[in-house]
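The basis for the numbers below is simple: all heavy atoms, side chains too, and nothing from hydrogens, waters or symmetry mates.
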Protein chains: 2
Amino acid sequence: AEAQDAATVNELMEPLHPADIADLLEQVDSSERAAILKVHEIDGETLSELDESIREEVFDLLSPGVLSDAVRELESDDVVDIIEDLEDDQQKAILDALEDNDRLAVQQALSYPEYSAGRLMQREVVAGPEHWTVGEAIDWLRSREDLPDDFYHVTLVDPRYHPVGNVTLGKILGHRRDVKLKDIAEDSFRTIEATEKEADVAYAFNQYHLISAPVVDEDGKLVGVITIDDAMIVLEEEAEEDILRLAGVGDESSLSDKVVATTRRRAPWLAVNLATAIIASLVISLFEDTIAQYVALAVLMPIVASMGGNAGTQSLTVAVRAIATKDLTGSNVLRVIRREVLVGTVNGVIFAVVMGLVGWVWFGAPMLGAVIAAAMIINLVVAGLAGTVIPVVLDRLKVDPALASGTFVTTVTDVVGFFAFLGLAAVVLL
Amino acid sequence: AEAQDAATVNELMEPLHPADIADLLEQVDSSERAAILKVHEIDGETLSELDESIREEVFDLLSPGVLSDAVRELESDDVVDIIEDLEDDQQKAILDALEDNDRLAVQQALSYPEYSAGRLMQREVVAGPEHWTVGEAIDWLRSREDLPDDFYHVTLVDPRYHPVGNVTLGKILGHRRDVKLKDIAEDSFRTIEATEKEADVAYAFNQYHLISAPVVDEDGKLVGVITIDDAMIVLEEEAEEDILRLAGVGDESSLSDKVVATTRRRAPWLAVNLATAIIASLVISLFEDTIAQYVALAVLMPIVASMGGNAGTQSLTVAVRAIATKDLTGSNVLRVIRREVLVGTVNGVIFAVVMGLVGWVWFGAPMLGAVIAAAMIINLVVAGLAGTVIPVVLDRLKVDPALASGTFVTTVTDVVGFFAFLGLAAVVLL
C-alpha cells in the first residue's frame, strides 16, 4: 500500500510547477511534509522556491545525495539565495556538493553584504567587445555551450572589461549581420554597483523599466548581471515588509512559522504598545477627579483618541509609502505637511459637528458637545501634522519610518486626545 | 530673461529620464508645472509616466499639436493606460490624433473590462508558424520593419493562430540555423485569457517567473502579449492598494492630490471609525455606575482595548497578505486560525502578568490587577480569532478583506475589551 501511495503522490505532483510544489509543501503540516518528501524526490528549482521558514526543516529531511543533486542544478544566484540564511554545517554541506568553480562563484557572492546587488546578481554574464557586429555576436553565441538559461542583453565591454552599452536580443535578431552592435545599443544604459542596496536596485528597475542591468565592482569591471525577475521579487518583498512593519508584525516570514516563533516576533510590538497605552492612562489619571464628578466623560473619551489614531494612521501610511517610493522629497515635504494639516482641519470640523451633536443629544448637555467638538478638531489637526512630520524625521534620522512611526503617532494622538478632551472638560464643565 | 529661463529649464531637463521628468512635474505645484510646460515640450514617454492625479491638468495645459505628437510616439498599451481614465472629450481628442490602425487597436483594448489582461497587453506580437527553424525565424525578423521595441519570445502558433509554444530569443541566438523552434521551446508554457483579472496575471508572472506570455481571446486565438514590466507595475499597485486600504485611506492615488479630493477620500473611513467608536462608548455607558464608584477603571480601560486592537491588527494584516498572495487557502486555514489563537493566548498570558502587576502596584488593589489580567487574556485570544476569521470570511463573501477587515476587527476588540474589563470589574470589585 505504501508503494501505491508513493506512486499516487508522484503522479499528482508530476504536472505541477516547482513553485506550486513548494506552496503545497508550505501549506501541509510537518508530518505530511515528511511523508511527501519520503516518496517524492525534490528538485533544485522546488528547493529554491521554498519559503525560508521551512527550508531548514526540509533540508534536514533530505538525504545528502538528493540534496547535492538538487543544488547542482541551480545557477549561482539561486544557490546564494538558498544558503545565505542556513546554519554553518548545512551551508558547508551544500558548498561541498558544488563543483569547484560554482563553489567559488557562490563564495564570492557571499562576500558581498547581505541585501546588496552582489548577492542578487547572476555571475553568468553574456558580454562581448564593443567593436562586434551582429554577425560576430550570433556566431559567438552559437558556439557557446554554457549560455545562461535566461538573458536579455549582450553587454558591450571595453578592453578593461568595463561595460559601455547594452544591446537587446530583439535588436540583434532584427538587424543584418554587418550592423555594428554599438549602433543599435539602448539609449539609456545604467550599471549597478555590487555594493548597492537591493531595495535601490528594485527601485531603479521599476522606475526606469529595466529588463536586465550589468553589475560592476569597485573598479567598474563587469562582475554580473541582475535581471528583472530578481528585481520583481525584491520589490514584492519590500512592499510586504512595509505592510507588516506598519502593522507591528516585524518581518514575519510566513504562515508556516510556529507559535513560539510568531509570539516572539509579535510580543515586542505589543510591549511597545502597552507602554504607550500606559502613558495615555497616566494622562487620564490626571483627571480622575473630573471623571468622578462627570462620568459621561469616561464614556466619550475613547472616541476622540480613536479618531485621532485613525486619522494619524491615514497620514502616516501615505507618508511612509511616499518615502519608500521616493515621491516624498525635500522639494515637496512642506507642501505635503500643509496639505495633511488642512485635511485634518476639514475632517476635524466635519466630525466635530457630528460628534458635538451626538454628545449634546446623548447626554443632554450642549457644553459637553462643545468640548468634544473642540477636542476633535485639535486632535485631527495634530494627527495630520504628526502623521507626516514623524515619518519624515525618522527617515532623516535613518530609522525605518515603517517600523517606528505608528507607535510615535498613536502616542501623540492618544495623549493629545485625552488631554484636550478631559482638560477642556475640567475647565469648561466644572 | 524669459527666453533665458526657458533655455535653462530645457538644459536641466535634457539629461533626465522621462520617469524622472514625470516625478519632477508631480513634485512641483500647479503654477510651477504650468511654467515648465510652457517652455518644455513634453514627449510621449513622459506623458505615460505621469501620475493619474495630475494627468488631466497637464493635458489641459498642452497644445493639441504637442499632445498628438506625444501620443503618436507610444505603443497601443501605453495609449490605453493614458486615456482609460480621461473624460470623454479629452479621450476623443487623443483618439482623433492617432493613425487609423492604432486607433482601432486602442478601441479594441478599451472594449475589454477595466483591470483585465486585455487592457494590459500589447497588441504588437512576434509570432511564427510552429514548423519554423531558427534560420527562418531570423530571416523573417530581419525583414520586418515594425518589430516592437521590447520582445523576449517568438510565440509559435498553429494554423488557426492558437499559440502552442514560446521560444526565448536567447535560445534562437544560441542554436544553429537548421534547428526547429519547437525543439527549443520553453518547457512550461502558459497563455493568459484576455478577460483575466490583471491581479491574477501579476500573480502568475511572479509565481512562475514569466518574462512574457501570450494573450488569447475567447476562441483561443493569439491577440496580444503581456511582458513582465507591465506585470511588475500591477504587482506594485496591488501591494500599494493593500497598504492604503489596510490603513483606511482607500485608493488614494498620490501626494499631488488636492485637499478637497483627499478629504473626500478619507472622511468616509473616519465616519466608519466614528460609528465603531460610538458602539464602544455604548458598551462603556452600560457601566457608568461602576465607573462612578471606581474611577481607576476609567484610567485603565483603554489599555485592554488598545492591546486587543493592536494584536487584532497584527493577525489580520498577516491574514490579508496571505490571502492576497494565495498562501492562505482552504487547506491550511484551520491550522492558521489555531496558530493565531495560540499566539493570542501566549501573548495574552504574558501581558496579563505584566499588566496585572502594574494595576496592582499603581492602585494598590490586587483584585483590580486580577481583573485587568483576565480581560487581557480574553481580548488577546479574541483578537487572534477575529483577526483571522474575519478576513477569511470577507474573502469568501467576495469583499476585499484589505478594505473591510480593520473596522470589523477593531469593533470586536473594542467591544470585547471594554465589556470584559468593566463587566468583570462590576462582578468582582463591587
Counting N and O atoms only, with roles assigned by atom type, does the side chain of [X] sit under 3.5 Å from a partner on the main chain of [Y], one being a donor and the other an acceptor?
X	Y	answer
B:R335	A:V28	yes
B:Q314	A:A247	no
B:T317	A:L244	no
B:R142	A:H175	yes

> In Å and rounded to the nearest 0.5 Å, what is the CG to CZ distance from B:N347 to A:R264?
Replying inline: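 Those atoms lie 12.0 Å apart.
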Is the shortest side-chain heavy-atom distance between [X] and [Y] below 4.5 Å?
X	Y	answer
A:V295	B:F287	no
A:M232	B:D229	no
B:L147	A:K171	no
B:I303	A:I278	yes
A:E238	B:E236	no
B:K326	A:D23	no
B:S281	A:M301	no

Taking every non-hydrogen pair under 4.5 Å, which of [options] racks up the most with chain A?
options	value
B:W269, B:W362, B:Y208	B:Y208
B:M355, B:E145, B:E240, B:Q293	B:E240
B:N310, B:T313, B:L300	B:N310
B:L141, B:L173, B:V259	B:L173
B:S285, B:A239, B:G309	B:S285

Toward chain A, the part of [X] with a non-hydrogen atom under 4.5 Å:
X	result
B:L246	side chain
B:D29	both
B:L210	neither
B:A137	neither
B:D20	both
B:V343	both
B:E49	side chain
B:W140	neither
B:A311	both
B:A231	both
B:Y152	side chain

> Does CZ in B:R176 sit with more than 12 non-hydrogen atoms of other residues, nucleotides or ligands closer than 6.0 Å?
Replying inline: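 At most 12 heavy atoms, drawn from other residues, nucleotides or ligands, come within 6.0 Å of this atom.
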>> With a sphere of 6.0 Å drawn around CG of B:D187, does it hold more than 12 non-hydrogen atoms of other residues, nucleotides or ligands?
In response: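 Counting neighbours around CG of B:D187, 12 or fewer heavy atoms of other residues, nucleotides or ligands fall under 6.0 Å, so no.
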>> Could you walk me through whether B:R266 and A:V318 satisfy the side-chain contact (heavy atoms from CB on, under 4.5 Å) test, starting with their C-alpha distance in whole Å, then the side-chain angles of each, then the deciding distance to 0.1 Å, before giving a yes or no?
In response: CA-CA 11 Å; B:R266 292 193 199 163; A:V318 170; 3.8 Å; yes
> Given B:R190 and A:H17, is the side-chain contact (heavy atoms from CB on, under 4.5 Å) satisfied, shown in steps?
Replying inline: CA-CA 11 Å; B:R190 274 162 206 277; A:H17 186 281; 4.2 Å; yes
Answer with yes or no whether the side chains of [Y] and [X] bring together a donor and an acceptor at under 3.5 Å.
X	Y	result
B:D327	A:Q27	no
B:E26	A:N332	no
B:E45	A:H209	no

Options [options], ranked by heavy-atom pairs under 4.5 Å with chain B, top entry:
options	value
A:T325, A:T263, A:L24	A:T263
A:L274, A:V346, A:I291, A:V336	A:L274
A:K258, A:R338, A:R177	A:R177
A:D242, A:N206, A:N273, A:I350	A:N273
A:V260, A:I138, A:L235	A:L235
A:P302, A:G174, A:G344	A:G174

> Which heavy-atom pair separates B:G170 from A:L169 by the least distance, and what is that distance?
Replying inline: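 Smallest heavy-atom distance, with atoms named: N-CD1, 3.5 Å.
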> So what's closer than 4.5 Å to chain B heavy atoms on A:F418: side chain, backbone, both or neither?
Replying inline: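 Interface part for A:F418: side chain.
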> Tell me, side chain or backbone of A:A292 under 4.5 Å from chain B's heavy atoms, or both, or neither?
Replying inline: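 Both parts, backbone and side chain.
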>> Show, in sequence, the C-alpha distance, side-chain angles and deciding distance for A:L270 and B:F351, and conclude whether the side-chain contact (heavy atoms from CB on, under 4.5 Å) test is met.
In response: CA-CA 8 Å; A:L270 293 175; B:F351 292 102; 3.6 Å; yes
> Do you know which of B:I228, B:T227, B:D150 makes side chain to side chain contact (heavy atoms under 4.5 Å, CB included) with A:I211?
Replying inline: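 Result: among B:I228, B:T227, B:D150, B:I228 is the only option passing the side chain to side chain contact (heavy atoms under 4.5 Å, CB included) with A:I211.
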